[in-house]
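Beneath this line is the structure, given in structure tokens, with notes to follow.
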Amino acid sequence: MIEKIEKLMAEIEALQAASAEEAEALRIKYLSKKGEITALMNDFRSVPAEQKKEVGMRINQLKTAALDKINALKSQVACDSQKCACIDLTRSPYPIRLGTRHPLTIVRNEIVDIFSRLGFTLAEGPEVEDDWHVYSSMNFADDHPARDMQDTFFIESHPDIILRSHTSSVQARVMEKNQPPIRVICPGRVYRNEAISARAHCFFHQVEGLYIDKNVSFTDLKQVLLLFAQEMFGPDTKIRLRPSYFPFTEPSAEMDISCHLCGGKGCSFCKHTGWVEILGCGMVDPAVLEANGIDSSVYTGYAFGMGIERITNLKYQVKDLRMFSENDTRFLDEFVSAN
């Protein structure tokens, strides 16, 4: 009997339970009416008289040990369960490292905000486009160099489906669905088949603007771009417009701003000219208006477009375009204060 008690004592001391159900099963096994300790007490009657005192004492010790152990196991699993209920397993581990907006996003939002205050609304379109919206509706000739494989990504199985090479396709979609007055700003990612280097990439970001209404003039365009330049680069910024050529505008111009590093005096950044090019612009060609269902005898308009990377380079002097897409956290951490 004593050997059996000692064996049960060793078992009880080694008991473990991972849940409340397991702890209850142990109580039933050892302490219920049909449990092993109760069976020992029933066998107590057959113990010789000279051993009854010692065996009785050991059975009581065994019963107390079993009660204490099983109650302790029940408390432990209940505590663990409460802790688990308080833990949000979807939360990030500590310490939580705060991130920042990407520099291109910072500048994009700033550009959109400036033009929004000038009355422009936001318009967006698909990056996978058809030839009509990207080229034909924008007055590109069938043999225009921009259509060449060296400049445009074509979908091999569908030669008329391409990755847009400029966000002018969004302007085409807006014009074909809406009649003037139209005043939109169109930001987005564009793609061109170019070798990746510090100065070029196969994808980059543009913002284009379009305003069509009655009696819109080049003077209106110049004033809007001057206000934009002064909001983006400072109130002392000056602009100049140089004649240029774009298929979708006539007349066309490229716009320079006075170098904000040297104040127009000349430095290595502006190649000692005092001016830095930032965008292209012009009056919307009447052929573009007609192609998109707008009467060019009634309405006129202007358009402009700029690279977001270009503006970001000017503001933050990032000399390598690859930095924008390499996800180097050391580079991105430099823009925490710019959020």
Side-chain angles (χ1 to χ4, degrees), residues 105 108-142 144 146-147 151-155 157-192 203-218 220-221 223-225 227-228 246-252 279-308:
T105 302
R108 173 194 180 276
N109 291 346
E110 188 173 355
I111 294 171
V112 171
D113 177 66
I114 292 171
F115 283 106
S116 295
R117 286 186 272 122
L118 294 174
F120 289 79
T121 58
L122 187 67
E124 296 180 322
E127 295 180 8
V128 180
E129 267 286 11
D130 55 62
D131 180 271
W132 166 259
H133 289 98
V134 176
Y135 292 128
S136 298
S137 66
M138 289 289 114
N139 203 35
F140 282 79
D142 291 339
H144 195 280
R147 296 175 181 265
D151 218 2
T152 303
F153 285 107
F154 289 85
I155 305 302
S157 59
H158 298 83
D160 288 334
I161 304 300
I162 60 179
L163 298 181
R164 66 183 183 189
S165 57
H166 52 193
T167 51
S168 300
S169 58
V170 182
Q171 299 180 25
R173 289 187 173 274
V174 170
M175 285 188 285
E176 70 183 8
K177 295 179 181 178
N178 301 277
Q179 284 296 305
I182 295 171
R183 195 194 303 250
V184 294
I185 191 82
C186 313
R189 179 180 291 183
V190 298
Y191 305 84
R192 293 182 187 174
F203 70 85
F204 53 98
H205 300 79
Q206 283 187 335
V207 173
E208 297 194 26
L210 174 70
Y211 176 41
I212 302 174
D213 204 346
K214 295 179 180 179
N215 303 317
V216 177
S217 68
F218 204 96
D220 299 323
L221 170 62
Q223 186 61 38
V224 164
L225 295 180
L227 290 172
F228 163 72
F246 303 107
F248 37 86
T249 54
E250 179 59 39
S252 303
L279 59 83
C281 61
M283 300 300 294
V284 179
D285 193 302
V288 173
L289 295 176
E290 295 293 341
N292 290 280
I294 296 176
D295 190 346
S296 61
S297 65
V298 178
Y299 299 103
T300 56
Y302 62 71
F304 56 86
M306 68 192 82
I308 298 178

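The first residue of the sequence shown is numbered 1, and numbering continues consecutively from there. This one's a predicted model, so the numbers in the text were calculated from it and none came from an experiment.
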| said: For the CD1 atom of Ile155 and the CG atom of Leu163, what is their distance to the nearest 0.5 Å? | reply: 5.0 Å
| In chain order, what residues pass the ring pair (Phe, Tyr, Trp, His ring centres under 6.0 Å) check against Phe218, with sequence neighbours excluded? | none
| For Asp285, what residues pass the salt bridge (charged side-chain N to carboxylate O under 4.0 Å, His left out) criterion, not counting sequence neighbours? | none
| Which residue pairs satisfy the salt bridge (charged side-chain N to carboxylate O under 4.0 Å, His left out) criterion with at least one member in residues 161-182, sequence neighbours excluded? | Glu129-Arg173, Asp130-Arg173
| task | Report the residues that fulfil salt bridge (charged side-chain N to carboxylate O under 4.0 Å, His left out) with Arg183, sequence neighbours left out, ordered by chain and then residue number. | result | none
| Residue list, side chain to side chain donor-acceptor pair (under 3.5 Å) with Glu127, at least two apart or on another chain | Tyr191
| task | Quick one: list whatever passes salt bridge (charged side-chain N to carboxylate O under 4.0 Å, His left out) with Glu110, sequence neighbours left out. | result | Lys315
| field | Residues forming a salt bridge (charged side-chain N to carboxylate O under 4.0 Å, His left out) with Asp113, sequence neighbours excluded | value | Arg117
| request: Quick one: list whatever passes side chain to side chain donor-acceptor pair (under 3.5 Å) with Ser168, sequence neighbours left out. | output: Glu208
| field | Aromatic contact, His166 with Phe140 (centres under 6.0 Å) | value | yes
| request: Please list, chain by chain and in numerical order, all residues satisfying side chain to side chain donor-acceptor pair (under 3.5 Å) with Glu124, sequence neighbours excluded. | output: Arg108
| task | Report the residues that fulfil ring pair (Phe, Tyr, Trp, His ring centres under 6.0 Å) with Phe204, sequence neighbours left out, ordered by chain and then residue number. | result | none
For residues 296-308, please give each side-chain donor-acceptor pair under 3.5 Å, one per line with the distance, not counting sequence neighbours.
{"residue": "Ser296", "atom": "OG", "partner": "Glu290", "partner atom": "OE2", "Å": "2.6"}
{"residue": "Ser297", "atom": "OG", "partner": "Asp295", "partner atom": "OD1", "Å": "2.5"}
{"residue": "Ser297", "atom": "OG", "partner": "Asp295", "partner atom": "OD2", "Å": "3.2"}
{"residue": "Thr300", "atom": "OG1", "partner": "Val216", "partner atom": "N", "Å": "3.0"}
{"residue": "Thr300", "atom": "OG1", "partner": "Val216", "partner atom": "O", "Å": "2.9"}

| Results of side chain to side chain donor-acceptor pair (under 3.5 Å) for Ser169 - residues two or more places apart only | none
| remark: Closest non-hydrogen contact found for Asn292 with Ala172 is OD1-O, 3.5 Å
| request: Work out which heavy atom in Val134 is nearest to a heavy atom in Ser165; give both atom names and the distance. | output: CG1-OG, 3.8 Å
